[in-house]
Amino acid sequence: MKMKWQGELVSGAYIKETNQFDMQQIKHFQTNSILSEDQLIHLNEYLEKHRNDTSHVLTINEQMLVPLNRMDVHKILEDFTAIRNFINQSKDAHGM
């Protein structure tokens, strides 16, 4: 079962059976990237360490380049925090 989630720059769905997040959009780019909770944590940690850099380029599926400015990074970090909270609440609600 997929539970839809919409953030400011990231949207997708949490897949309860596999405990993964299906990222369907980042900024205005459409994607279909399945991220484990560990991958979300690692990406979050990387962006947190570099949150004050002026720009980044995130690679999705080793093909799509997504340019991120400092404001984008801050918004994505907020989205990732909200996604992780959403996942944890979903686990708690279903006794996982």
Side-chain angles (χ1 to χ4, degrees):
M1 178 174 160
K2 286 188 176 186
M3 299 170 60
K4 293 233 179 245
W5 187 87
Q6 177 69 48
E8 193 164 344
L9 292 183
V10 177
S11 65
Y14 170 59
I15 307 166
K16 290 185 348 182
E17 295 79 13
T18 59
N19 194 33
Q20 295 174 317
F21 184 74
D22 178 6
M23 185 167 52
Q24 298 165 349
Q25 185 171 347
I26 185 163
K27 287 184 69 171
H28 59 276
F29 297 97
Q30 298 294 320
T31 183
N32 190 17
S33 300
I34 304 295
L35 300 172
S36 69
E37 192 170 5
D38 284 344
Q39 288 173 314
L40 274 172
I41 290 168
H42 290 301
L43 184 54
N44 190 77
E45 288 172 352
Y46 172 81
L47 290 174
E48 190 66 51
K49 285 180 187 175
H50 300 280
R51 75 179 310 150
N52 293 317
D53 294 356
T54 55
S55 65
H56 293 275
V57 176
L58 184 65
T59 304
I60 304 292
N61 296 333
E62 298 180 13
Q63 299 174 5
M64 186 183 341
L65 302 177
V66 181
L68 303 174
N69 62 35
R70 187 178 295 157
M71 183 61 76
D72 293 337
V73 169
H74 289 266
K75 289 178 182 177
I76 288 172
L77 283 168
E78 290 173 7
D79 283 351
F80 283 169
T81 298
I83 290 166
R84 289 174 55 204
N85 290 337
F86 178 75
I87 288 171
N88 289 332
Q89 288 173 357
S90 296
K91 284 185 202 175
D92 291 343
H94 295 94
M96 294 178 82

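Interatomic distance, CD of Q39 versus OG of S33, reported as 9.5 Å (0.5 Å rounding). Between atom OG1 of residue T31 and atom CE of residue M23 there is a gap of 5.5 Å, rounded to the nearest 0.5 Å. Atom CE of M64 is separated from atom OG1 of T59 by 10.0 Å, given to the nearest 0.5 angstrom.
Taking E37 as the reference, N19, K91 meet the side chain to side chain donor-acceptor pair (under 3.5 Å) condition, with sequence neighbours excluded. Considering only residues two or more places apart in sequence or on other chains, S55 meets the side chain to side chain donor-acceptor pair (under 3.5 Å) condition with none of them. Scored by the side chain to side chain donor-acceptor pair (under 3.5 Å) test, Q63 finds no partners at all (sequence neighbours excluded). Residues satisfying the side chain to side chain contact (heavy atoms under 4.5 Å, CB included) criterion with L58, sequence neighbours excluded, are I26, L43, I60, V66, L68. Contacts of H74 classified as side chain to side chain donor-acceptor pair (under 3.5 Å), with partners at least two apart in sequence or in another chain: R51. Shown here are the salt bridge (Lys or Arg N to Asp or Glu O under 4.0 Å) partners of D72, two or more places apart in sequence or in another chain: K27.
By the 4.5 Å side-chain criterion applied to Ile, Leu, Val, Met, Phe, Trp and Tyr, I15 is assigned to a cluster that also includes I34. Through chains of ILVMFWY side-chain contacts below 4.5 Å, L65 is grouped with V57.
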Give every donor-acceptor pair under 3.5 Å between a side-chain atom in residues 80-88 and any protein atom, sequence neighbours left out.
unit_1	atom_1	unit_2	atom_2	d
T81	OG1	L77	O	3.0
N85	ND2	T81	O	3.3
N88	ND2	R84	O	3.3

Quick one: side chains of residues 2-10, donor-acceptor pairs under 3.5 Å with protein atoms, not counting sequence neighbours, listed by atom name and distance.
unit_1	atom_1	unit_2	atom_2	d
K2	NZ	D22	OD2	2.9
E8	OE2	K75	NZ	3.3

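Residues Q24 and A13 share a closest heavy-atom pair of NE2-CB, 4.1 Å. The minimum heavy-atom distance linking F21 with S11 is given by the pair CZ-C, 4.1 Å.
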